[in-house]
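What follows is one structure encoded as structure tokens, with my remarks underneath.
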Amino acid sequence: MQWDIFCKVIDNFGDIGVCWRLCADLANRGHTVRLWVDDSRALAWMAPGAVEGRWPNVKVHDWAEACDPTVLEKLPPADVWIEGFGCEIAPEFIAARAMDTGASGQNGLKPPAWINLEYLSAEAYVERCHALPSPVMQGPAQGWTKHFYYPGFTARTGGLLHEADYLARQTAFDDNACNAWLAQHSIAWQGQRLVSLFCYEPPALTALLQGLVQGATPTLLLVTPGRAQRAVQTALAQMDLPTTGAGELALHWLEPLTQTEFDELLWACDLNLVRGEDSLVRAIWAGKPWLWQIYPQDDGAHADKLNALLDQMQAPASLRAAQLAWNDLNGMAGPNQPRLDWGTLPLVEWSAAAHDWRHGLLQMDDLTSQLTNFVQKKR
Ligand SMILES: Cc1cn([C@H]2C[C@H](O)[C@@H](COP(=O)(O)OP(=O)(O)O[C@H]3O[C@@H](C)[C@H](O)[C@@H](O)[C@H]3O)O2)c(=O)[nH]c1=O
């Protein structure tokens, strides 16, 4: 099928990260994809060559081109439109297709299957709202129907992105491949515990670093560029510690990784500290213990979202306590929560929990397969 995927980059890398991952996965499965995006800068490191057209079956377009009739008239019509995260397709784009399709498709061309791809959540509303129709009430596409598509963690949701070749790649990443990967990224590993850090500015960061410095397990912390590196530098400055080789803690400042390399980072580490939604899913698939910094929302809605995830996962009490502390939600921990010691993290228990949940989630069909079946039924 031919797909048009629309993405507006609001903040951070999650919007483009998920949209690109879907594009690449569809393209690998033999579909043809156009990605319309208003800010493609992150693709330069996430998916080198994407913007230049070096990925088979995917073409990246500037959002403005979707409003340009001279561009649109040359393009074959798509079978599917995906609006990423509530971004609205340009009216010019809709009008051009409505003109080609004609009222009720009398020109022999059907309207596209039109999908609003939503944010990931484990909250109960996701099962209620997944796949609901939303009739288009006005404009040139009046009478067409959009459908909400919610990724999720249960069989009554749209599932999680999980590439067809993921498990094979992960299995091939054995100790030798891991050592080679660390060397290739100039990471001076001396057998320490490896922890990755991709975060915003978690208030508990200082406590974590202090715990790692004082804890009994030597740790090499691999810090992703941008906000995570700045947050660590700020925390270290406040702790008055040297930026490298502090006690049992060593630091490595990572360069931006491609999405493929980001998976490899997560496979290489013994604990992954991730943020946002796409890296959460990648940490889940990596099957290593993880802590998630949820994107904080002004109205506090992220607390319910985090708790729903922990409930869904059946997180053990120690993991729940750490997750609440990492997200500055200690107030929700209740009186009987175990005391958290960042120096002695119970990674064996967290590893078992991560493994069990991953195993269960792998029984579900992946998002791309489910979405493809869904749109085929809607056309
Ligand atoms: C650090 C790093 C990340 N990545 C990728 C992994 C992901 O695809 C992407 C990061 O996206 P996320 O994990 O979702 O985290 P994020 O914090 O960047 O994005 C967030 O932005 C908010 C505005 C949204 O509301 C959140 O839901 C979330 O999507 O970057 C790399 O490819 N290489 C890297 O080196």
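Atoms within a ligand are numbered from 1 in the order they appear, just like the ligands themselves.
Shown in contact with Y295 at under 4.0 Å from a heavy atom are these atoms of ligand 1, numbered in order with element: 22 (C), 23 (C), 25 (O). Residue-ligand proximity, S279 to ligand 1, at heavy-atom distances under 4.0 Å covers atoms 12 (P), 13 (O). For ligand 1, the atoms lying closer than 4.0 Å to a non-hydrogen atom of T224 are 1 (C). Interface atoms of ligand 1 facing M46, defined by a heavy-atom separation under 4.0 Å, are 5 (C), 9 (C), 30 (O), 32 (O). Every atom of ligand 1 is numbered from 1 in the order shown, and the set under 4.0 Å from a heavy atom of D11 is 21 (O), 23 (C). Close approach to T258 involves these atoms of ligand 1, each under 4.0 Å from a residue heavy atom: 32 (O).
When hydrogens are left out, the protein atom nearest atom 21 (O) of ligand 1 is N12 CB, 3.4 Å; that is the closest non-hydrogen contact. The protein non-hydrogen atom at the shortest distance from atom 16 (P) of ligand 1 is R275 NE, 3.5 Å. In this structure, the protein non-hydrogen atom closest to atom 27 (O) of ligand 1 is E277 OE2, 2.8 Å. Protein heavy atom in closest approach to atom 7 (C) of ligand 1: D278 OD2, 3.2 Å. Residue, atom and distance of the protein heavy atom nearest to atom 33 (N) of ligand 1 are L257 O, 2.7 Å.
Nearest residue to atom 11 (O) of ligand 1 from G14, P256, G226 is G14 (criterion: closest heavy atom). In the candidate list W20, Y119, F13, F262, F262 is nearest to atom 3 (C) of ligand 1, counting heavy atoms. Of the candidates A283, G17, P296, G276, G276 brings a heavy atom nearest to atom 28 (C) of ligand 1.
Contact annotation: W45 has at least one heavy atom less than 4.0 Å from an atom of ligand 1. Under the 4.0 angstrom criterion for non-hydrogen atoms, Y200 is in contact with ligand 1. Using 4.0 Å as the threshold, I10 has no heavy atom nearer than that to any atom of ligand 1.
Salt bridge D4/R34: present, at least one basic N to carboxylate O contact under 4.0 Å. Checked for salt-bridge contact, R29 and D366 meet the test: a charged N lies under 4.0 Å from a carboxylate O. Ion pair R320/E349 not flagged as a salt bridge, since none of the NZ, NE, NH1 or NH2 atoms sits closer than 4.0 Å to an Asp/Glu carboxylate oxygen.
Between W45 and F13, a ring centre-to-centre spacing shorter than 6.0 Å is recorded. Two rings, from H147 and W114, have their centers 6.0 Å or more apart. Not less than 6.0 angstrom separates the ring centroid of Y295 from the ring centroid of H302.
When all heavy atoms are compared, the tightest approach of I115 to V80 is CG1-CG1, 4.4 Å. Nearest heavy-atom pair, L254 versus P225, reported as atom, atom and distance to 0.1 Å: O-CG, 3.4 Å.
Looking only at side-chain heavy atoms (C-beta outward), S196 and L265 come within less than 4.5 Å of each other.
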| task | Applying side chain to side chain donor-acceptor pair (under 3.5 Å), run through S318 and W350 and close with a yes or a no. | result | CA-CA 8 Å; S318 66; W350 295 2; 2.9 Å; yes
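Judged as a ring-ring contact (aromatic ring centres under 6.0 Å, His included), and not counting sequence neighbours, the contacts of W55 are W20.
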